[in-house]
Asker: 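Before I ask anything, here is the structure I am working with.
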Amino acid sequence: MKMSHKHITLVAALLLVGCSEGVPKEEGSSTEPVATTDAEAFAPITFPQVDDNLKHDTLLIQVTFDMGDGSFLIVASHYEETFDGLRLYHYRPKADSSAEMLHVSAPAYDSWTMFPTFFRDPHNDKAFILLTNLGERESWGQKVFRLDHAGFHPLGFLDVAAIDPQGEAGTDRLISAAKSARVEPEGNGLLFRFNAESVRLFDDQQGLLNVDLKGDAVMYRWSPEEGMVLWVNDIAHLPEDGGA
């Protein structure tokens with residue numbers, strides 16, 4: 001589905017706000033890199049959000065991250081409406097404000113956001129696992145990438161959002177589950193857990209939609225052999241097990 005005129009207008013408004021008042025920051029973000037201790041080894045790490053340093057004739061930039069090694073990552077779409085919508089772009093800036101484009105991710109399509117939360121890859125200290133929040137006013141879940149020297153590698157989708165504990169009584173505001181996520185090694189694969197109080201599982205792969213559960217009841221296992229597999233209460237949920 002192509003981005004609507006309303007979508008384009010909102011993205012443009014975000015850009016204007018970023019230019020006039022500084023780059024918009026997701027709640028809880030920091031302006032300095034956060035050191036990872038042993039106790040926090042699997043928790044998100046923070047790269048500073050900075051002012052745009054890239055002049056590009058076709059890209060509409062939402063946010064820019066300083067990766068700390070001379071490279072930057074942006075969330076951007078094309079000025080002209082396209083089916084692909086937002087992507088992540090990893091680049092090194094040049095003196096003339098152009099860029100050496102290193103890697104470009106798969107698209108977010110009709111999502112208004114593709115905000116990344118960064119984790120260290122527990123198998124490779126020079127790589128990162130990115131949970132990118134998709135959605136409009138509320139979260140639709142997380143598209144997962146590994147970012148290494150070869151580029152962005154899609155690992156799958158986490159079909160889950162956190163339920164905002166600060167929401168008004170009787171409401172279920174859905175926010176990104178990435179800040180509460182933990183990315184752990186498991187064999188040659190990865191284990192994604194959540195320490196949110198409660199989460200909404202959009203599809204339990206067994207025929208139920210929009211199921212509210214405790215955060216620690218849901219996890220995803222990714223392996224090169226099986227891809228991304230949902231587990232609920234320590235039971236694997238696979239579509240061929242009777243789901244849709």
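For the single chain, residues carry numbers from 1 onward in sequence order. Keep in mind that this is a model prediction, so the values were computed, not measured. Quick note: numbers below take in every heavy atom, side chains included, and nothing from hydrogens, waters or symmetry partners.
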Asker: Under a 4.5 Å side-chain heavy-atom rule over Ile, Leu, Val, Met, Phe, Trp and Tyr, are Leu213 and Leu158 clustered together?
Answerer: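 Yes, Leu213 connects to Leu158 through the hydrophobic network.
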Asker: Please identify which of these residues, Leu130, Leu190, Val144, meets the side chain to side chain contact (heavy atoms under 4.5 Å, CB included) condition with Val183.
Answerer: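 Passing option: Leu190.
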Asker: Nearest 0.5 Å, please: how far is CG in Leu230 from CZ in Phe192?
Answerer: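 Interatomic distance, Phe192 CZ to Leu230 CG, rounded to 0.5 Å: 12.5 Å.
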Asker: Do Ser71 and Leu102 make a side-chain contact, defined as non-hydrogen atoms from C-beta onward lying under 4.5 Å apart?
Answerer: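 Heavy-atom side-chain distance check passes, below 4.5 Å.
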Asker: If we ignore hydrogens and angles and just use 3.5 Å, is the side chain of His90 paired with the main-chain N or O of Gly151 as donor and acceptor?
Answerer: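 Not confirmed, His90 side chain does not pair with Gly151 backbone.
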Asker: Verify the ring-centre separation between Phe47 and Phe128: is it less than 6.0 angstrom?
Answerer: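 So the answer is yes for these two rings.
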Asker: So, are Arg200 and Asp172 salt-bridged, with charged N and O less than 4.0 Å apart?
Answerer: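 A salt bridge is present here (some side-chain N lies under 4.0 Å from a carboxylate O).
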Asker: Would you check if there is a donor-acceptor pair between the side chains of Thr64 and Asp52 at a distance under 3.5 Å?
Answerer: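 On atom types as modelled, these side chains qualify, holding a pair under 3.5 Å.
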Asker: Would you confirm whether Lys143, through its side chain, and Pro107, through its main-chain N or O, come within 3.5 Å as a donor-acceptor pair?
Answerer: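 Checking the backbone N and O of Pro107 against the side chain of Lys143, a donor-acceptor pair under 3.5 Å is found.
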Asker: Are the side chains of Ile163 and Val199 in contact, using a 4.5 Å heavy-atom criterion?
Answerer: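 Side chain of Val199 against side chain of Ile163, heavy atoms only: no contact under 4.5 Å found.
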Asker: Might you work through the side-chain hydrogen bond (donor to acceptor under 3.5 Å, both in side chains) test for His153 and Asp148, ending with a clear yes or no?
Answerer: CA-CA 8 Å; His153 308 279; Asp148 60 19; 2.8 Å; yes
Asker: Treating Ile, Leu, Val, Met, Phe, Trp and Tyr as nodes and any side-chain heavy-atom pair under 4.5 angstrom as an edge, say whether Leu155 and Phe145 lie in one connected cluster.
Answerer: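 Not linked; separate clusters.
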Asker: Under 3.5 Å, side chain of Glu184 to main-chain N/O of Arg193, donor-acceptor pair present?
Answerer: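 Flag not set: sc Glu184 to bb Arg193 has no pair under 3.5 Å.
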Asker: Could you tell me whether a side-chain N or O of His103 sits under 3.5 Å from a main-chain N or O of His149, the two making a donor and an acceptor?
Answerer: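 Yes.
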Asker: Using modelled atom types and a 3.5 Å cut-off, is there a donor and acceptor pairing between side-chain atoms of Gln142 and backbone atoms of Gly156?
Answerer: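 No; judged by distance alone, with no hydrogens or angles, the pair does not exist.
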Asker: Is the backbone N or O of Ala108 less than 3.5 Å from a side-chain atom of Ser111, with the two atoms forming a donor-acceptor pair by type?
Answerer: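 No, Ser111 side chain to Ala108 backbone: no donor-acceptor pair under 3.5 Å.
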Asker: Check whether any side-chain heavy atom of Met219 sits under 4.5 Å from a side-chain heavy atom of Val232, and report yes or no.
Answerer: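 They are not in contact (no side-chain heavy atoms under 4.5 Å apart), so the answer is no.
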Asker: Are Phe152 and Leu86 in one and the same hydrophobic cluster, where Ile, Leu, Val, Met, Phe, Trp and Tyr link if side-chain heavy atoms are under 4.5 Å apart?
Answerer: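 In one cluster with Phe152: Leu86, yes.
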Asker: I'd like to know if Asp125 pairs up with Arg120 as an ion pair, taking the criterion as any Lys NZ or Arg NE/NH1/NH2 lying under 4.0 Å from an Asp or Glu carboxylate oxygen.
Answerer: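 Result for this pair is no, no salt bridge flagged.
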Asker: Crowded around Asp96 CG? As in, over 12 foreign heavy atoms under 6.0 Å?
Answerer: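 Yes.
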Asker: Are Glu197 and Lys214 close enough for a salt bridge, meaning some N to O gap below 4.0 Å?
Answerer: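 So Glu197 does not pair with Lys214 through a salt bridge.
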Asker: Given side chains that start at C-beta, do those of Gln205 and Val229 come closer than 4.5 Å, heavy atoms only?
Answerer: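 No; the side chains remain at least 4.5 Å from each other.
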Asker: Flag yes if Leu59 and Phe72 sit in one hydrophobic cluster, no otherwise; membership is Ile, Leu, Val, Met, Phe, Trp, Tyr, and two members link when side-chain heavy atoms are under 4.5 Å apart.
Answerer: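 Same hydrophobic cluster.
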Asker: Any side-chain heavy atom of Phe157 sitting closer than 4.5 Å to one from Tyr220?
Answerer: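 Result no, sub-4.5 Å side-chain heavy-atom pair not found.
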Asker: Measure the shortest side-chain to side-chain distance between Phe202 and Val160 over non-hydrogen atoms and say whether it is less than 4.5 angstrom.
Answerer: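 With C-beta onward as the side chain, the pair stays apart.
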Asker: Applying a strict under-4.5 Å side-chain criterion to I, L, V, M, F, W and Y, I'd like to know whether Leu88 and Phe119 cluster together.
Answerer: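 No, Leu88 and Phe119 fall in different hydrophobic clusters.
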Asker: Applying salt bridge (charged side-chain N to carboxylate O under 4.0 Å, His left out), run through Glu100 and Lys94 and close with a yes or a no.
Answerer: CA-CA 7 Å; Glu100 174 193 359; Lys94 296 181 179 180; over 6 Å; no
Asker: Residues in ring pair (Phe, Tyr, Trp, His ring centres under 6.0 Å) with Phe65, at least two apart?
Answerer: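 So Phe65 forms a ring pair (Phe, Tyr, Trp, His ring centres under 6.0 Å) with Phe115, Phe118.
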Asker: So does Val104 get a backbone contact from the side chain of Arg87, meaning a donor-acceptor N/O pair under 3.5 Å?
Answerer: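 A pair under 3.5 Å: no.
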Asker: Between Arg173 and Glu138, does a salt bridge (charged side-chain N to carboxylate O under 4.0 Å, His left out) hold up when you go through it step by step?
Answerer: CA-CA 7 Å; Arg173 178 172 173 259; Glu138 295 188 330; 5.4 Å; no
Asker: State, with a plain yes or no, whether a side-chain heavy atom of Ile74 is found less than 4.5 Å away from one of Tyr91.
Answerer: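 Counting from C-beta outward, Ile74 and Tyr91 do come under 4.5 Å.
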Asker: Would you say that Ser139 contacts Ile175 through its side chain, given a criterion of any heavy-atom pair below 4.5 Å between the two side chains?
Answerer: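 No, every pair of side-chain atoms sits at 4.5 Å or beyond.
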Asker: How far does CG of Leu191 sit from CZ of Phe42, to the nearest 0.5 angstrom?
Answerer: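 If we round to the nearest 0.5 Å, Leu191:CG and Phe42:CZ are 9.5 Å apart.
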